[in-house]
Visitor: 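There's a structure below that I have some questions on.
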There are 2 protein chains.
Amino acid sequence: MTKLRAATKSAVDNENHDPADCRAVGQVLDRIGDKWTVMVIDTLSKGPMRFNAVMHIIGGVSHRMLTVTLRGLERDGLVTRTAYPTIPPKVEYELTELGRSLIRPLKALSTWALSNRPAIEAARVRFDKEEGKKRT
Amino acid sequence: MTKLRAATKSAVDNENHDPADCRAVGQVLDRIGDKWTVMVIDTLSKGPMRFNAVMHIIGGVSHRMLTVTLRGLERDGLVTRTAYPTIPPKVEYELTELGRSLIRPLKALSTWALSNRPAIEAARVRFDKEEGKKRT
DNA sequence: CCGCATCCGCCACGATACTG
DNA sequence: CAGTATCGTGGCGGATGCGG
């Protein structure tokens, strides 16, 4: 998602060929286009879960990035954070209704990806081969 | 998106709680999660178009980034590039069948975004207000 | 008109260490 | 067990200039 971010939105704001569509998608991508958000949502879609559980299931996410990602999702009302002030602490995360509603469009994307990855892969290989020929 | 990128996929590859879903989505986000890809697709969804036309319609995209984005899409077989070797040059871009098939799931996302942005915005404001209180 | 190379600023991400 | 702070790095994205 890399990076629409707040920095450059000015130019985009002034444009309206079909603002509803492209800007809306842009917004979502800003949100879920980062490295871990989608994985967290997918993981939490199976039910409420503790911090470490999420971390272990995803695997490969750093402690810090998981915290940051979860805070972001909490901020946008996509997950709830419930802290039990016990010793040791126990924190549970759960998708909100809003968060769960995102699963469906995400599934659509995932379905598309699964069906078309071979085609993309093929196109990519073909393209790179052409590139190779040009250089020789 | 902005940045899953190839760099870190190693850790993710070893994990399979529901690999089909999350990895597939991850792949797509790697592709379309950057700053301009979705906008380009949306723009081209209206029909074949010349480079400058796309640039003008999107507005705010640098010459270089549009080139890069289009090359990426071409590489993955999502758009075709047709150059007419006239003077001055004229290049037309058009979505392939594969590219057009991506519009549907994108629409799903855009629909979700449009319906829920108010909710997200509200949650965000609420969350930030709480943050403010804590700091005081 | 379009593509490509170079230079550079900036931010997402990761590793580590410390607190409660 | 969970969160925060700090620091370092890679690579995206913008500006500009040349080539065809």
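Just so it is clear: chains get the letters A, B, ... in the order the sequence lines come, proteins before strands, and each one is counted from 1.
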Visitor: The side chain of Ser62(B) is closest to which nucleotide in this list: dG3(D), dC13(C), dA15(D)?
Guide: dA15(D)
Visitor: Is there a side-chain contact between Val28(A) and Asn116(B) (heavy atoms, below 4.5 Å)?
Guide: no
Visitor: Starting at atom CZ of Arg75(B), determine the distance to atom P of dC4(C), rounded to an integer number of angstrom.
Guide: 14 Å
Visitor: Tell me the interatomic distance from Glu74(B), atom CD, to dC2(C), atom C1', rounded to whole angstroms.
Guide: 13 Å
Visitor: Taking only Lys NZ, Arg NE, NH1 and NH2, and the carboxylate oxygens of Asp or Glu, determine whether Arg100(A) and Glu97(A) approach each other closer than 4.0 Å.
Guide: yes
Visitor: Phe51(A) CZ to dT4(D) C1': how many Å, rounded?
Guide: 11 Å
Visitor: Could you tell me the separation between the CG atom of Leu73(B) and the P atom of dG3(C), rounded to a whole number of Å?
Guide: 13 Å
Visitor: If you find the nucleotide of DNA chain D closest to Pro89(B) and the one closest to Thr67(A), which residue's nucleotide is nearer the 5' end?
Guide: Thr67(A)
Visitor: Are His63(A) and Phe51(A) packed together at the side-chain level, in the sense that at least one heavy-atom pair is separated by less than 4.5 angstrom?
Guide: yes
Visitor: With the side chain counted from C-beta on, respond yes when Arg81(A) and Val91(A) share a heavy-atom pair under 4.5 Å apart, and no when they do not.
Guide: yes
Visitor: Nearest to the side chain of Lys35(A) - dG14(C), dG3(C), dG3(D)?
Guide: dG14(C)
Visitor: Give Tyr84(A) one of three labels, base, sugar-phosphate or nothing, depending on what nucleic acid heavy atoms sit under 4.0 Å from its own.
Guide: nothing
Visitor: Looking at His63(B) and dG3(C), is any side-chain donor or acceptor paired with a base atom of the opposite kind under 3.5 Å?
Guide: yes
Visitor: In this structure, how many angstroms lie between the C1' atom of dG14(D) and the CE atom of Met55(B), rounded?
Guide: 12 Å
Visitor: Closest to the Pro88(B) side chain: dG20(C), dG3(C), dC1(C)?
Guide: dC1(C)
Visitor: Need one value for Arg64(B): base, sugar-phosphate or nothing, where a base atom within 4.0 Å counts as base even if backbone is also close, heavy atoms only.
Guide: base
Visitor: Is a donor-acceptor pair below 3.5 Å formed from side chain Arg71(A) to base dT4(D), judging by atom type as modelled?
Guide: no
Visitor: Would you say Tyr93(A) reaches dG3(D)'s phosphate, i.e. side-chain N/O to OP1/OP2 under 4.0 Å?
Guide: yes
Visitor: Heavy-atom distance under 4.5 Å between the side chains of Asp42(A) and Leu106(A), does that happen here?
Guide: no
Visitor: Just the rounded figure in Å: distance from P of dG3(C) to CZ of Arg50(B).
Guide: 10 Å
Visitor: Tell me: CE of Met65(A) to C1' of dC7(D), nearest whole Å?
Guide: 15 Å
Visitor: What's the CG-C1' distance between Leu66(B) and dG3(C), to the nearest Å?
Guide: 11 Å
